[in-house]
Number of protein chains: 2
Amino acid sequence: MRDLRTSNRARVLRRLYFDGQFSRHELAGATGLSQASVSNVVGELVEDQVVVEAGLVGSDGGRPRVLLRVNPDHACVVGVDVGETHVLVEVFDLTLRRLAMSTFQMDTIANRGEAVVERVLAGLDQCVEDSGVDPGRILGVGVGVPGLVERGSELLVHAQTVGWNGVPLERMLRAGTDLPLFIDNGANTLGQAEMWFGAGRGARNAVIALIGSGVGASVIADGVPYRGASGGAGEWGHTTLSLDGRPCRCGAHGCLEAYIGAKGVLGRHREAAGLPPEIVDEEVALRELLAEDSQAAREVLEETARYAGAGIGNLINLFNPERVIVGGWAGLILGEQLLPAIREVAAKHALHHPYQQAKISLCELGTESVAMGAATLPVAEFLGAGGVRSAALMRPTG
Amino acid sequence: MRDLRTSNRARVLRRLYFDGQFSRHELAGATGLSQASVSNVVGELVEDQVVVEAGLVGSDGGRPRVLLRVNPDHACVVGVDVGETHVLVEVFDLTLRRLAMSTFQMDTIANRGEAVVERVLAGLDQCVEDSGVDPGRILGVGVGVPGLVERGSELLVHAQTVGWNGVPLERMLRAGTDLPLFIDNGANTLGQAEMWFGAGRGARNAVIALIGSGVGASVIADGVPYRGASGGAGEWGHTTLSLDGRPCRCGAHGCLEAYIGAKGVLGRHREAAGLPPEIVDEEVALRELLAEDSQAAREVLEETARYAGAGIGNLINLFNPERVIVGGWAGLILGEQLLPAIREVAAKHALHHPYQQAKISLCELGTESVAMGAATLPVAEFLGAGGVRSAALMRPTG
DNA sequence: CGCCTTATTTCAAGATGTGATTTAACCCAG
DNA sequence: CTGGGTTAAATCACATCTTGAAATAAGGCG
């Protein structure tokens, strides 16, 4: 009994959130509830101002239907993208339209957890002020971080590449804000954004394959993010694709990342061209490589497509997804040109049947989607609680 | 309201099924229900004879607790293992103790769907007679098949290796029995058996890695089998581990199966020894290889451990499981000797954090567990329905 | 034998879903 | 402009279910 009403509210609310406007009558059909129950539930939701009426739709001779929709201004959420060299804070309304943003570049966040926290809190204050929202309406703050999030007795962030080794980010942020905090791997939050609003809409099983300097993946299984036993699932970049192959920064050999990560692609090119390693702007270098009209460049790119295609083939064989969504800054640059070749290779390496099911495409949202995806976390909590601030959304003090 | 009682019955029943005996009092704590509700629910379950009282436990001065347990004789289930060269039918009581079995060897089931159906039905009749159970008490028949099960408008079995290309097994069996049918990939049913009664007990995230002539995996994510978009998830054997490596029977190159499948191991050995390919009893040959005291054999086995370890490392990186359970007839033979080496290699290829979470061990149940796991399917349905024959368990006719 | 402790059942109240019925709102023909 | 027709939404009465509290059951122990 306790949470029957809650779950029915959640059903109705989710439908309205993701599938737009419905009348009470249509909601009954869509949610499987009786019309009487929908009436009751909607009545509560309207009274709570979570849902508002959005006009009438006349019909051929009957009482017009009253369309309902989620009230975007009922509450707002904050999304934070902690990248390896920047901190981005954004405020959204309930439907994730951006109200304000604040961005800050850093040389590196390596070993600078305190500075990151400071920037996040400053950006939060700034954004709230700029957007003019009532702080009491903020459902929570979602934070995407560039590493593994371990949920033990305390939430710890492990981001090897920037020297974060068990950073208690939640506790550190908690010292500066009372808002509910939701912290997850940035790859997962980006994936979540694509699932809600991008290339993953409508899919229940998808893999978002992210290629940047590093390589990772976000897995959605049966509609929910799959995190594994300790939040470490989806480490696609360090799967072995070529036993005893190129050395990888993780210490192993033959990892996918060593071939298709931006550093791997550029490194292979410089080796092929007989040049010494050099520190460059990777994004510029990658674009130059794609534009370069040389045998060496073509070969490196062809090989990149072969590795990426085989890697995606592996994802298809193991996860049998409806969608494989390629993203990450390097993934988008490479994908634009190489996607047809990648599809071809994946088709060769994946089994016929699962390959048929999988649509391989590029991410549709920009790189800001890490913050937007982070902001989905408090929204998801809110929807699941049927449009009420659940325990997880209660501010610890008052 | 509709299924609140059902879900509470299911909660109580599952607890009793998987965690043994409880008093009503303890059940209240364990399920989160109030004592009054537990009393009501248990009252119904006892009246339905799904649950029986199992004696008293005295205490220091209070009313003794009445222990409850699932009634093994309330119902029974049938499990069928359709292998590439045999059909095994077993009858179990509700707690999956075997009551009877019937096995039948075939040269091959290739292109012999009709013959398989005939043997399954004959075995079913035989077993029911041998066990003396009332056919009306049979909850259903679970069938594990050696291939992919596609659940579309009609259930179709695709088993490439035996030439089954869209065999409508459910319809074919339906012609010979009214019992509810549950058909799944044999790898999945075996995995299910290990999760309920074997090496996977208590884990919520696990991968069962099966090595036989072919290689596959069964993935359990958050306690439920993960099947992907169309039942084709877990095709571990055809993930690429060595780009452009050994040719695989699937047509691609460098598949894991080409290295660690029984055929792959034996083939590599014969090549290393400079012998021509030969048709042999693979199991015997594999045992001989393990016993052989030669440089060539040692190298082949060492290489096998390296491939298997890297393959398992990939599973760990992608799924972050609590357990990796190695099985399959060849997996058990190889694993017994190579498991330490495999663990070592996996540790090198997997990232540190997810590797730490994963316990790598061997299957605990014998090869009959395919049939037993198949039998868990109707039981799971029964438990989920709160100990009632749900729609899925209703016999189509009367 | 009666008090104490603990387990289970009973009871009354409150919450909720649902089918049937009623009311609301609008179209349109006459 | 009025009344019938039509569809949407609200209301009602009832059945179901959970639950905290109180009552009852069952045994130990002084």
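Proteins come first, then strands; the chains are lettered A, B, ... in the order of their sequence lines, and each starts at number 1. Computation of the quantities below employed the complete heavy-atom set of this structure, encompassing side-chain atoms and omitting hydrogens, waters and symmetry-equivalent molecules.
Judged by distance alone, with hydrogens and angles left aside, the side-chain atoms of Ser23(B) form a donor-acceptor pair with the main-chain N or O of Glu26(B) at under 3.5 Å. Although no hydrogens or angles enter the test, the distance criterion places no donor-acceptor pair under 3.5 Å between the side chain of Arg69(B) and the main chain of Gly20(B).
For Ala36(A), the side-chain atoms get nearest to dT11(D) when compared with the rest of dA21(D), dT8(C), dT11(D). The listed nucleotides are dT16(C), dT8(C), dT18(C); the one nearest the side chain of Leu33(A) is dT18(C). Distances from the side chain of His25(A) to the nucleotides dT18(D), dA8(D), dT16(C) place dA8(D) closest. In the set dA7(C), dA10(D), dT18(C), dA10(D) carries the atom at the smallest distance from any side-chain atom of Ser39(A). For Ser34(A), taking side-chain heavy atoms from C-beta onward, the closest of the listed nucleotides dT19(D), dT8(C), dG19(C) is dG19(C). Among the nucleotides dG17(C), dG20(D), dT18(D), the one closest to any side-chain atom of Ser37(A) is dG17(C). Among the nucleotides dA10(D), dT8(C), dT18(D), the one closest to any side-chain atom of Arg65(B) is dT8(C). Side-chain atoms of Arg63(A) lie closest to dA9(D) of the nucleotides dA9(D), dT10(C), dC12(D).
For the pair Leu27(A) CG and dA10(D) P, the interatomic distance rounds to 12 Å; values are reported in whole Å. The CD atom of Gln35(B) sits 17 Å away from the P atom of dT24(D) (whole-angstrom rounding). Rounding to whole angstrom units, CG of residue Asp3(B) and P of dA15(D) are separated by 20 Å. Remark: P of dG17(C) and CZ of Arg9(A) are 11 Å apart, rounded to the nearest angstrom. Atom CG in Asn40(A) sits roughly 11 Å away from atom C1' in dA15(C) (whole-Å rounding). Note: CZ (Arg11(A)) to C1' (dT16(C)) measures 14 Å, nearest angstrom. The CZ atom of Arg24(A) sits 14 Å away from the C1' atom of dT11(D) (whole-angstrom rounding). Rounded to whole Å, the distance from CZ on Phe22(A) to P on dT7(D) is 20 Å.
At the phosphate of dG17(C), OP1 or OP2 sits under 4.0 Å from a side-chain N or O atom of Asn8(A). For the OP1/OP2 pair of dA15(C) and a distance below 4.0 Å, the side-chain nitrogens and oxygens of Arg5(A) include no atom meeting the criterion.
For the side-chain contact (heavy atoms from CB on, under 4.5 Å) criterion with Asn205(A), the lone passing option out of Asn320(A), Ile220(A), Asp222(A), Val219(A) is Asp222(A).
Each of Gly62(B) and Leu56(A) lies near DNA chain C, and the nucleotide nearest Gly62(B) is the one positioned closer to the 5' end. Mapping Pro64(A) and Glu53(B) onto DNA chain C by nearest heavy atom places Glu53(B) closer to the 5' end of the strand. The 5' end of DNA chain D is approached more closely, in terms of each residue's nearest nucleotide, by Gly61(A) than by the other of Gly61(A) and Ser23(A).
Taking the six-membered ring for Trp and thresholds of 30 and 60 degrees, Phe319(B) and Phe319(A) have ring planes inclined between 30 and 60 degrees apart.
Salt-bridge annotation for Glu322(B) and Lys359(B): absent, with no side-chain N of the basic residue lying under 4.0 Å from a carboxylate O of the acidic one.
For the atom pair Thr376(A) OG1 and Glu194(A) CD, the distance stands at 11.5 Å (nearest 0.5 Å).
No contact: Val38(A) has no heavy atom under 4.0 Å from any strand.
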